[in-house]
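Right, one structure below, let's go through it.
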Amino acid sequence: MKPILEPWKEIETRKNIKSSLPNNAETHKSHPPKDGISIDCPASGNSFIGGVCLDGTWKFLEDPKNVGLSRQWYGEIDDSSWSEISVPGTWGWDGYAYKYYEGYGWYRKRFFAPYEWENKFIRLLFKAVHHSANIWINGSYVGSHEGGFTPFSFDVSQNLIYGGNNLLVVRVNNSLSGSTIPPANAADGVGLYGGIHRAVYLKTSNNLTIERVLVLPDYSPGENECIVNVDVTIFNRYDLPKAIEIKMAITNPDSTDRPLRFYHIEVPPGVSKHSFQYSIDDPKPWWCCDIGDPNLYLLEVSLIQDNEKVDSMITKFGIRDIENRPDGLYLNGVKLVLKGVNRHEFWLGLGWTENESIIKEDFNSIRELRANFVRLAHYPQDERVLEYCDTNGILVYEEIPAFQCLKPTLEDPSAIESAKAQLTELILRDYNHPSVILWGLGNEFRSDTSEGKNFISILYKHVKSIDHTRPVTFATDKHMSDKGLDIVDIIAINEYFGLLYGKTSDLSELLDALHQTYSDKPILVTEFGSDVASLRDRAAYIQDHWRIIRSKDFVIGGAVWVYNEYIWREPARNTWGIDQFGIVDKNRNPKPICYSTIQEMFASSQKK
């Protein structure tokens, strides 16, 4: 059995506070404080009995001089002159009124909390806020969070006025520094947008509630039985232990039900983890789209107290085995050829804010390219992206925005802690998604330095302490001068030979040199592409590089840079523009020769 390792102790130390934030508070380094309880977002799934979504129109006011704290904008003030703004949304694009604004912005939202919620557990959940956030309810400080792409939540049960109106205030800061992840020097617009750019919920549940369900199938290809390991994290808000019954129900990929399983346990006060096993006979493995069917199982875990269901969580999972070997990456014993693209979470007029139809449109198009792999560059994207990829058999590389970090950032304790926190939140959010096959520590940072190597070592060990089942890597442009490649599981390189430097044939020499030096590790080309004016020349460039990639047995594939055009920033000159590398333009129109060439290129590498 492969046990699920335990990141719980770090998670349980996260706290929130009940006093006003000091006027001189700095939010760049505001990790969750230590004297209350902060409840982190569970893995993907429906986990609440009731509640409300707070999306819609909020009040908004920018604060370029940072005067909002001293003027107590978190309390009862006249906000009738404030602007209206959409949540979720990015202020860089909402009506263009705040385009390219960097600094503080304040959000205010009034909502009603019914009497029925009293004595319940009320959790305030943000799916993502960029980059740092401070939160108040009814003038009382709730807590803070740093990191713009992962979910976080707080217990606000004691902050609400039940049977009356309540005021939620969020101060957001999208400015970056040398101590943030991403850092201020990062290009590609990762620091461009600000705001509450994913959904906000008030979730209500009973005082015994499921915080998280992590699922790890112990699967060996060809076996007629699979042991499914299930870790259930429960929050008991009572002062005493509670005897409860756990009910597990699994539904097969063909929608038939498996036998129920019941477990009797005692749950201590606070947060506790409980481990169970469920045996599945004749397992149907999850495959990527060019090999087989992406079979998904559905698991419902319910808490039963005094013969009444008090909470439940539903999550999907796939039975599959990822094995990293020197000659390649294997899915269920079959060697993979990763035929992929990089994707930015950008839509003209919306910035990072996506909806289900937008995601479906993009990924339907990516499937039509005959791709089986996507790298989500360079930050965690909307979790509905993972749901699509699970259902449609697209393999996924996820990474945190440790993007182009320089030596001062790589050795900064605050930046290192922020990177670790963002990795924790990402992995716990997406642990159950079978489509996720690689965790990325960052992109194009100074990994050719001792500071970079130490940064990689710290983050690699941190990831493995949470999830030892998936390979870990980072995307380097330092090539043979990189000092951290001996640490990670897969060598991942960004290369633009024949475009930004050297000639195309240099790629073959680099791949051979890397293989000779790191013969125990497979190689993945995480970026290659062209932005030359002639689309025919671009297509030829991509095709030439793909031929070299496919000529090496130890190279597991590549990802074209980039699927879609996006807003790009050059920090040194503080200039903005549209990146021209896209296979589709900013309006999602395919660039004819490029799109069709990649489609034919990937189709010729089909497994089936």
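What you see below is based on every heavy atom in this structure, not just the backbone, and it leaves out hydrogens, waters and symmetry mates. Positions are given from 1 along the sequence.
Residue Asp239 qualifies as open at atom CG: its count of foreign heavy atoms under 6.0 Å is 12 or below.
If you take CD1 on Ile578 and NZ on Lys586, they are separated by 6.0 Å, rounding to the nearest 0.5 Å. Put simply, CG on Leu303 and OG1 on Thr209 are 7.0 Å apart, with the number rounded to the nearest 0.5 Å. Expressed to the nearest 0.5 Å, how far CD1 of Ile161 lies from CZ of Phe112 amounts to 11.0 Å. In this structure, the separation between CG on Leu350 and OG on Ser86 is 10.0 Å, given to the nearest 0.5 Å. In this structure, OG on Ser414 lies 10.5 Å from CD1 on Ile181, to the nearest 0.5 angstrom. In this structure, Trp73 CH2 and Trp82 CH2 are separated by 5.5 Å, a value rounded to the nearest 0.5 Å.
There is no side-chain donor-acceptor pair under 3.5 Å between Arg212 and Asn432. Side-chain atoms of Tyr141 and Asn134 include a donor-acceptor pair closer than 3.5 Å. Side-chain contact of Asp412 with Ser179: a donor-acceptor pair under 3.5 Å is present, judged by distance alone. A donor-acceptor contact closer than 3.5 angstrom links the side chains of Asn206 and Lys120. Side chains of Ser365 and Tyr563: a donor on one and an acceptor on the other come within 3.5 Å.
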Got a list of side-chain donor-acceptor pairs under 3.5 Å for residues 51-60, not counting sequence neighbours?
{"unit_1": "Asp55", "atom_1": "OD1", "unit_2": "Val200", "atom_2": "N", "d": "3.0"}
{"unit_1": "Trp58", "atom_1": "NE1", "unit_2": "Leu54", "atom_2": "O", "d": "2.8"}

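Counting heavy atoms from C-beta outward, Asp579 and Asp531 have side chains that stay 4.5 Å or more apart. Side-chain contact check for Arg429 versus Thr150: every heavy-atom pair is 4.5 Å or farther apart. Put simply, the side chain of Asp390 does not reach to within 4.5 Å of the side chain of Lys316, judged on heavy atoms. In this structure, Val436 and Glu398 have side chains that are in contact, with non-hydrogen atoms separated by less than 4.5 Å. Here the side chains of Leu202 and Trp117 are in contact, with some heavy-atom distance below 4.5 Å. Counting heavy atoms from C-beta outward, Leu376 and Val374 have side chains that approach closer than 4.5 Å. With a 4.5 Å cut-off on side-chain heavy atoms, His131 and Pro182 count as touching. Counting heavy atoms from C-beta outward, His197 and Phe126 have side chains that stay 4.5 Å or more apart.
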Requested in this report: In sequence, state the C-alpha distance, the side-chain angles, and the governing distance for Val385 and Val396, and then conclude on side-chain contact (heavy atoms from CB on, under 4.5 Å).
Outcome: CA-CA 10 Å; Val385 167; Val396 176; 5.8 Å; no
Query raised in the report: What do the steps show when you test Arg375 against Asn443 for side-chain contact (heavy atoms from CB on, under 4.5 Å), and what is the final call?
Result: CA-CA 11 Å; Arg375 177 182 175 222; Asn443 180 72; 2.7 Å; yes
**Report entry** Chi angles and distances behind the side-chain contact (heavy atoms from CB on, under 4.5 Å) call for Tyr238, Leu208
**Finding:** CA-CA 8 Å; Tyr238 296 104; Leu208 279 170; 4.1 Å; yes
Requested in this report: Any chance you could lay out the side-chain hydrogen bond (donor to acceptor under 3.5 Å, both in side chains) test for Thr391 and Glu387, step after step, and finish with the verdict?
Outcome: CA-CA 6 Å; Thr391 302; Glu387 292 166 6; over 6 Å; no
Query raised in the report: Going through the checks in order, is the side-chain contact (heavy atoms from CB on, under 4.5 Å) test met by Phe111 and Leu160?
Result: CA-CA 10 Å; Phe111 63 91; Leu160 300 181; 3.7 Å; yes
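Nearest heavy atom pair, residue Tyr193 against residue Gly351, reads CZ-CA, 3.9 Å. Of all non-hydrogen atoms in Ile416 and Leu410, the two that sit nearest each other are CD1-O, 3.5 Å. Between Pro401 and Pro183, the closest heavy-atom pair is O-CD, 4.3 Å.
Annotation: salt bridge (Lys or Arg N to Asp or Glu O under 4.0 Å) contacts involving residues 346-362, sequence neighbours excluded, comprise Arg343-Glu354, Arg343-Asp362, Asp362-Arg588.
One finds a salt bridge joining Glu300 and Lys309 here, because a Lys/Arg side-chain nitrogen approaches an Asp/Glu carboxylate oxygen to under 4.0 Å. Contact check on Glu383 versus Arg198 returns no salt bridge, with no Lys/Arg side-chain nitrogen under 4.0 Å from an Asp/Glu carboxylate oxygen. The pair Asp155-Arg237 counts as a salt bridge, with a side-chain nitrogen and a carboxylate oxygen less than 4.0 angstrom apart.
Lys591 contributes no side-chain N or O that, together with a main-chain N or O of Asp585, makes up a donor-acceptor pair within less than 3.5 Å. Using a distance-only test at 3.5 Å, with no hydrogens or angles considered, no donor-acceptor pair links the side chain of Asn138 to the main chain of Asn166. In terms of modelled atom types and a separation under 3.5 Å, the side chain of Thr409 and the main chain of Gly178 share a donor-acceptor contact. Side-chain atoms of Asn342 come within 3.5 Å of backbone N or O of Val560 as a donor-acceptor pair.
The cationic atom of Arg123 (NZ for Lys, CZ for Arg) does not lie both less than 6.0 Å from the six-membered ring centre of Tyr201 and within 45° of the ring axis.
By the 30° and 60° cut-offs, the orientation of the rings of Phe373 relative to Tyr397 is perpendicular. Using the six-membered ring where Trp is involved, Tyr388 and Phe363 have ring planes that are tilted, between 30° and 60° apart. Between His130 and Phe149, the ring planes are tilted. Angles from 30° to 60° get that label. Ring geometry for His145 against Phe152 counts as parallel: the plane angle stays under 30°, on a 0 to 90° scale with 60° as the upper cut. The aromatic rings of Trp136 and Tyr74 lie parallel to each other, with less than 30° between the two planes, well short of the 60° mark.
Put simply, the residue from Phe474, Phe445, Trp561, Phe346 that forms a ring-ring contact (aromatic ring centres under 6.0 Å, His included) with His378 is Trp561.
Ring-centre distance between Trp352 and His344: not below the 6.0 Å cut-off.
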